[in-house]
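To keep things clear, I will list the structure first and then write my remarks on it.
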Amino acid sequence: MKASYNWLKELVPQLTASPKELAARLTGAGLEVEGILEYGAASEACIVSRVVSTRPHPTKSGLRLVTVDRGNAQQEVVCGAPNVPEAGRLVVLAPLGAHLPAKNVTIAKRAIAGVESEGMLCSEDELGLGDDHDGIIVLAADSKATVGSSLAAAVPGTRDTILEIGLTPNRPDGLGHVGLAREIAALYGFPFQVPQTGTGTGTGTRTGDAPAVGELVTIEVQDAERCPHYGAAAVVDITVGASPSTRYRLQALGVRSISNVVDVTNLVMLAWGHPMHAFDLDRVRGKKIVVRRAKDGEKLATLDGVERTLVSDDLLICDGEGPVALAGIMGGASSEIQPDTKRVLFEVAWFDPRGVRRTARRHGMHTESSHRFERGVDPGDVAQVLDHATSLTLSLAGGTVAKGRLHVQGTRIAAEPTPPEKRALKLRARRLPELLGVDVPFAEAVAILERLGCEIVAKDESSCDVLVPTHRPDLGREVDLVEEVIRVRGMDAVPALLPPIRASRDVGGREELARRARDAAVSVGLSEAITYAFTSARALEALGAPKPTVLLKNPLGEHQAVMRTTLLPGLLDAVANARRHGEREIREFTIGPVFLAARTGGDGLPDEQLRIGVVLAGERPSWLAKPQPFDAWDAKGYAVAIAQRLAGASAAIEVVPAKRDEAPPHLHPRGAAFIHAGGRRIGSFGPLHPDAIEALSLDGDVLVAELDLEPFVAGPLSPKYAPIPRFPASTRDVALVVKDEIPAGEVEHAVRAAAGPLAAGVRLFDRFVGGQIPAGSSSLAFHVVYRAPDRTLTDAEVDAAHANVVKAVGERFGATLR
Amino acid sequence: MAEDDPTATIDRALADLREAFLPRFRAAATEQALRDENAKILGKKGELTAVLALLGKAAPESRKAIGQKVNALKQEVETGFEGCLRALRRKGREAELSAPPFDLTLPGRVPVDMGHKHPIAIIREEVVAVFRQLGFAVFDGPEIEHEENNFTLLGFPPDHPATDMQDSFWTQSNHLLRTHTSNIQIRAMKSLKPPMAFIAPGTVYRRDDDATHSPMFHQIEAFLVDRHITLAHLKGVLAEFAERMFGPNTPVRLRPSYFPFVEPGAEVDIGCTFCKQPDGTRAGCSLCKHTGFIEVLGCGMIHPVVLENCGIDPDAWSGFALGMGLERIAMLRYDIPNIKLMFDNDPRFLAQF
């Protein structure tokens with residue numbers, strides 16, 4: 001909401017605070033001023049001047065040399081505008097030195113096509129008064145402006161300060177200057193008078209033969225629930241024309257000035273926050289207004305040039321023949337005010353906010369009018385608003401106000417409305433300190449409510465009965481009154497007090513689980529990605545992931561239309577993204593839920609399973625050595641390391657290579673494996689399948705791993721102390737040449753078994769292929785550490801155990817010593 | 001005659017040896033040469049041993065004296081050897097110490113490159129830790145939620161512009177992606193009896209995707225319900241939070257605002273962290289629009305309607321709730337200009353935190 005500081009001062013004459021001070025006070029009371037704009041900042045520096053004479057520019061045909069009288073002197077300026085008026089008319093001169101912030105220029109002496117100009121005749125656009133740049137400002141022929149005075153002094157409205165207020169949706173009263181003025185008066189403790197609108201009815205230039213509005217039009221409201229109050233008034237014999245006196249006030253507030261009658265509707269809306277509509281009465285067919293619901297499929301061309309197909313939930317304003325407006329949202333073209341309009345019918349109604357909102361959203365419309373109706377305009381000001389509109393029309397467009405108004409409220413049609421019932425609330429004095437933690441004298445609280453327009457109907461020292469004004473639909477309970485008190489008083493008055501906190505216990509445990517997984521992944525050198533939980537069905541399919549079970553009704557696009565069933569799409573997006581930027585090294589993980597079908601017997605919501613996903617791409621970090629690309633064993637290393645950290649160092653984490661026909665479809669069948677913890681499969685790792693790499697345009701190999709986190713929710717297995725060996729160990733190495741099809745893990749198991757109870761550790765430390773090793777075989781070299789807990793082993797004992805290793809493994813695998 | 005006097009011969013030999021051993025030790029350039037020289041004197045076949053062998057030829061009455069002399073010399077030689085050995089070693093160490101320095105401009109070697117937590121996660125863990133210290137526990141909840149828990153029971157009026165602030169993604173089963181972590185208030189209050197003090201960190205979704213919005217983002221909600229809880233308690237917790245999260249004496253300002261599920265409701269500004277001066281004042285900067293304050297969260301007293309909806313008597317219990325966006329705090333803390341950077345997961349971005 002844009003608010004004019006000058007207008008607010010007219011409504012609250014006692015206001016002395018500067019715009020900046022006022023902004024701070026409003027913000028402190030919950031009407032946040034988000035910006036302060038200076039409208040017509042150049043208007044004080046520019047001078048109203050009279051055109052004395054005009055002659056053509058000596059060389060340039062489009063330019064003219066205009067001599068103007070600026071009050072104390074005459075001067076000649078070069079002007080390129082097409083609309084330089086005849087001698088005697090008033091224009092606006094920006095003299096030397098004048099700064100025009102709208103164009104960020106300061107007027108200096110300059111030669112234009114060889115002729116020196118010491119100033120500039122200005123357009124609205126150049127002065128920041130509007131977007132009209134078709135020509136310079138020419139004041140009306142009957143303007144009373146004094147030559148030589150500043151524009152700001154001569155033409156009201158050309159200088160103002162505009163407050164941009166970010167209103168919360170509960171404060172429709174702030175969407176008009178009257179409401180803002182009431183609020184300001186309450187905040188500063190000034191008395192407030194709702195502005196007099198003039199009676200407006202039945203007066204005018206031809207009093208006596210003014211028609212009654214009921215003779216001009218009949219009104220029929222078929223849906224009193226959606227339109228509980230429809231008010232109408234009319235002005236006849238008007239002259240539609242330009243409206244110089246309202247132009248700048250409207251333009252300062254961001255509303256284009258159209259004509260005097262249209263300007264009336266906008267000004268009245270900006271005054272009261274109550275949108276209204278003007279019909280050309282002679283274009284209202286059948287002299288009849290009908291408020292009814294649309295028929296399904298009925299069409300209406302709205303003023304924005306869009307033909308809309310309606311549904312039966314849409315509320316329409318119709319004339320005798322068909323729809324003319326979408327109630328409370330936008331009018332249609334057929335009955336719009338035209339330059340030749342002679343008779344105007346004003347509509348001021350109260351439409352059900354929910355209905356307006358549904359229709360506006362359905363048709364993707366958001367207008368000044370729908371914005372206000374959705375939030376709830378004042379149902380109690382219909383008569384005042386109509387009177388304001390008619391009296392303002394009278395002063396701007398002449399004519400005669402038709403006698404009376406029509407107020408249709410349900411089945412009742414009358415010249416005066418039945419005032420809406422006010423909500424009655426009780427405020428208990430004790431609730432103030434109970435909720436606020438600060439003592440507010442009850443009398444002061446009551447005074448604040450009265451200043452805001454509440455009526456106190458009964459009061460003692462412990463409570464009071466309050467009638468809520470109709471412009472405050474947000475005050476629905478006692479607590480809302482408590483808020484009003486502290487809002488006006490200021491929250492700074494409330495002390496800060498740390499409460500005694502009675503401890504609660506964690507529910508769920510996923511935050512802690514995710515934190516542990518994050519620590520585990522970071523500790524092995526992975527960086528955390530935060531990936532979108534929505535993805536495309538196509539990406540899931542390319543990865544052979546479970547079909548999505550959660551589909552979005554209103555996604556932002558196909559690429560985010562389903563909830564993920566694996567964490568990989570987001571991670572692979574990160575890879576693709578990084579590679580597009582030339583970054584090839586990626587070691588990232590992400591933690592988050594995948595969304596699977598609801599568990600039976602649950603609450604019907606999808607099963608959200610917390611997982612960690614890992615992606616590796618590029619080269620393994622190395623120190624001043626030739627880097628090697630990541631391979632399946634890196635994936636294994638990271639996956640096992642993370643699982644081990646989560647499960648605890650003493651827990652058993654197993655890697656089970658996937659059989660070719662069991663490999664997860666997104667993994668390369670030669671390098672796919674499962675991770676087991678506590679005997680349960682918890683995830684998989686391996687190189688991404690080349691088909692997936694191609695389908696997702698990943699431009700290179702990627703290693704992935706994905707683990708369920710739920711199995712680790714109980715926390716890591718606690719390690720148990722094992723005594724530190726007191727006796728030295730003996731190490732023997734053995735290098736065995738074995739056929740490639742024999743997995744190294746099996747050989748290692750066999751070595752361990754054969755070495756017997758004296759073997760404290762077996763470790764593969766070298767794998768060698770080529771050289772003298774026959775093709776199809778490799779040499780596997782193991783360190784075997786022998787140790788006894790209670791004595792130093794003799795060489796003979798160690799040799800005997802080790803000899804058994806060579807013999808047993810040789811026999812079992814046909815392995816030979818290298 | 002002297003030739004024949006073994007005692008004199010021994011004395012002479014000892015004197016010669018005493019004269020010679022130090023220069024010989026000092027001439028040794030390496031430790032090994034020194035040890036060899038030492039062995040030549042003290043070894044089994046060494047010169048001093050040879051002298052001792054002459055002892056048998058000496059007169060028995062003088063043997064004891066000679067023996068003492070030999071032992072004295074042996075001590076001298078051993079002390080001399082140790083001294084020379086120390087000197088030699090020091091010389092070697094000094095040579096090593098004064099050799100050219102290592103090239104420490106070569107990259108450092110670590111077992112693995114360090115991994116990095118996401119900036120949002122860092123903030124999340126910090127905020128959780130602060131509230132845990134204050135006595136709050138964590139309450140988990142789902143990201144896909146019933147409309148009831150996300151809106152209705154929180155007092156969002158149907159078809160009301162308040163829901164504009166939270167445009168939702170709906171699933172085909174008519175659930176929605178939660179638009180805030182406030183659903184946890186409802187879940188906690190429906191399932192547990194007060195008193196309670198919980199925080200709920202989590203992912204939330206709104207149908208907004210532009211320069212300043214991501215359709216997925218993160219919030220942390222904190223709420224407390226107990227007897228006699230007032231706005232002053234909310235301010236106390238906020239002040240403590242600001243102090244621990246943003247530094248000592250961080251000013252906190254409440255501005256009344258509107259959220260359907262609190263009343264009174266407020267937005268919370270803290271003293272700008274960017275233009276803070278050494279004396280604690282704020283100079284004003286573009287980030288705080290020269291106000292000295294930046295908005296960090298929304299809060300309020302839990303609306304009595306919300307308490308009632310969860311079966312809690314608002315006359316007997318009261319509570320407060322506060323919620324903040326983690327992206328905003330991360331962006332403020334780390335000076336990240338664009339929310340989109342947080343979800344691109346570019347390794348060059350992640351490596352900075």
Side-chain angles (χ1 to χ4, degrees), chain A residues 27-30 168-170 354 357-358 374-375 435-438 479-480 483 486-487 491 494-499 501-508 510-511 515 518 521-522 524-530 532-533 550-554 556 574 577-578 583 585-586 588 593 605-606 608 621 623, chain B residues 109 112-118 120-121 125 128 134-135 137-140 142-144 158-159 161-162 169-172 175 195-198 201 209 215-216 224 226 229-233 235-237 239-240 254-258 263-264 266 301 304 318 342-348 350-351:
Chain A
T27 298
T168 51
N170 61 327
R354 293 177 56 184
R357 179 177 162 79
R358 286 199 301 273
E374 282 180 11
R375 284 156 177 74
L435 280 169
L436 301 175
V438 63
V479 68
D480 299 321
E483 177 183 57
I486 198 64
R487 197 176 63 74
M491 288 188 171
V494 178
L497 201 66
L498 211 50
I501 297 181
R502 297 200 259 172
S504 297
R505 188 181 296 162
D506 275 11
V507 177
R510 285 173 167 225
E511 183 67 13
R515 193 190 57 74
R518 184 179 299 123
V522 166
V524 296
L526 299 171
S527 289
E528 185 177 14
I530 291 188
Y532 283 144
V550 182
L551 314 175
L552 296 185
K553 259 190 203 170
N554 56 342
L556 288 170
N577 211 10
E583 281 299 302
E585 315 298 318
I586 298 127
E588 293 182 7
L605 293 174
E608 299 182 16
W623 199 76
Chain B
R109 190 193 286 128
V112 288
D113 281 3
M114 297 297 283
H116 302 268
K117 292 184 185 184
H118 195 284
I120 294 172
E125 290 186 356
V128 168
L134 291 175
V138 177
F139 198 112
D140 276 347
E143 295 177 13
I144 297 182
D159 297 324
F169 287 107
W170 293 88
T171 76
Q172 291 191 346
H175 301 126
M196 63 180 79
F198 284 113
D209 196 3
M216 185 187 100
L224 181 149
D226 205 336
I229 294 300
T230 71
L231 188 61
H233 292 132
K235 275 188 92 168
V237 166
E240 199 59 32
L254 265 63
R255 270 184 295 112
S257 189
Y258 168 72
E263 188 81 350
M301 300 302 292
S318 55
M342 308 248 226
F343 299 99
D344 282 346
N345 300 313
D346 189 313
R348 295 166 297 179
L350 299 177

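Proteins get letters first, then strands, A, B, ... in listed order; numbering begins at 1 in each.
Both the backbone and the side chain of A:E511 have a heavy atom closer than 4.5 Å to some heavy atom of chain B. Looking at A:A533, the atoms closer than 4.5 Å to chain B (heavy atoms on both sides) sit in the backbone and in the side chain alike. Interface remark: A:P495 contributes backbone and side-chain atoms alike to the contact with chain B (heavy atom separation under 4.5 Å). With a 4.5 angstrom heavy-atom cutoff, A:R358 touches chain B only via side-chain atoms. Interface residue B:E125: only side-chain heavy atoms are found under 4.5 Å from chain A. Residue B:E263 touches chain A through both its backbone and its side chain, counting heavy-atom pairs closer than 4.5 Å. For A:V550, the part lying near chain B is the side chain, with the backbone staying farther off; criterion is any non-hydrogen pair under 4.5 Å. With a threshold of 4.5 angstrom between heavy atoms, A:N577 approaches chain B through side-chain atoms but not through N, CA, C or O.
For A:V507, the side-chain contact (heavy atoms from CB on, under 4.5 Å) partners two or more places apart in sequence, or in a different chain, are B:F139, B:L192, B:F198. Residues that satisfy the side chain to side chain donor-acceptor pair (under 3.5 Å) test with A:S504, not counting sequence neighbours, are absent from this structure.
For the pair A:G28 and B:P256, the tightest heavy-atom approach, listed with the atom from each and the gap, is O-CD, 2.9 Å. Counting all heavy atoms, side chain and backbone alike, B:K235 lies closest to A:M491 at NZ-O, 2.8 Å. When all heavy atoms of A:L435 and B:M301 are compared, the closest pair comes out as O-CE, 3.9 Å. Annotation for A:G508 and B:D140: closest pair C-OD2, 3.2 Å, computed over non-hydrogen atoms. Residues A:L498 and B:H233 come closest through the heavy atom pair C-CD2, 4.2 Å. A:L605 and B:I144 get closest at one heavy-atom pair: CD1-O, 3.5 Å.
Taking CG of B:D226 as the start and CD1 of A:I501 as the end, the distance is 9.5 Å to the nearest 0.5 Å.
Interface remark: of the candidates B:A266, B:G135, B:A137, B:A137 forms the most heavy-atom pairs closer than 4.5 Å to chain A. Contact tally against chain A (heavy-atom pairs below 4.5 Å) for B:L254, B:V128, B:L350: the top residue is B:L350.
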Next on the checklist: Applying side chain to side chain contact (heavy atoms under 4.5 Å, CB included) to B:F169 and A:N554, what does each step give before you reach the verdict?
Outcome noted: CA-CA 6 Å; B:F169 287 107; A:N554 56 342; 4.2 Å; yes
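Side chain of A:E528 to backbone of B:K117: no donor-acceptor contact under 3.5 angstrom is found.
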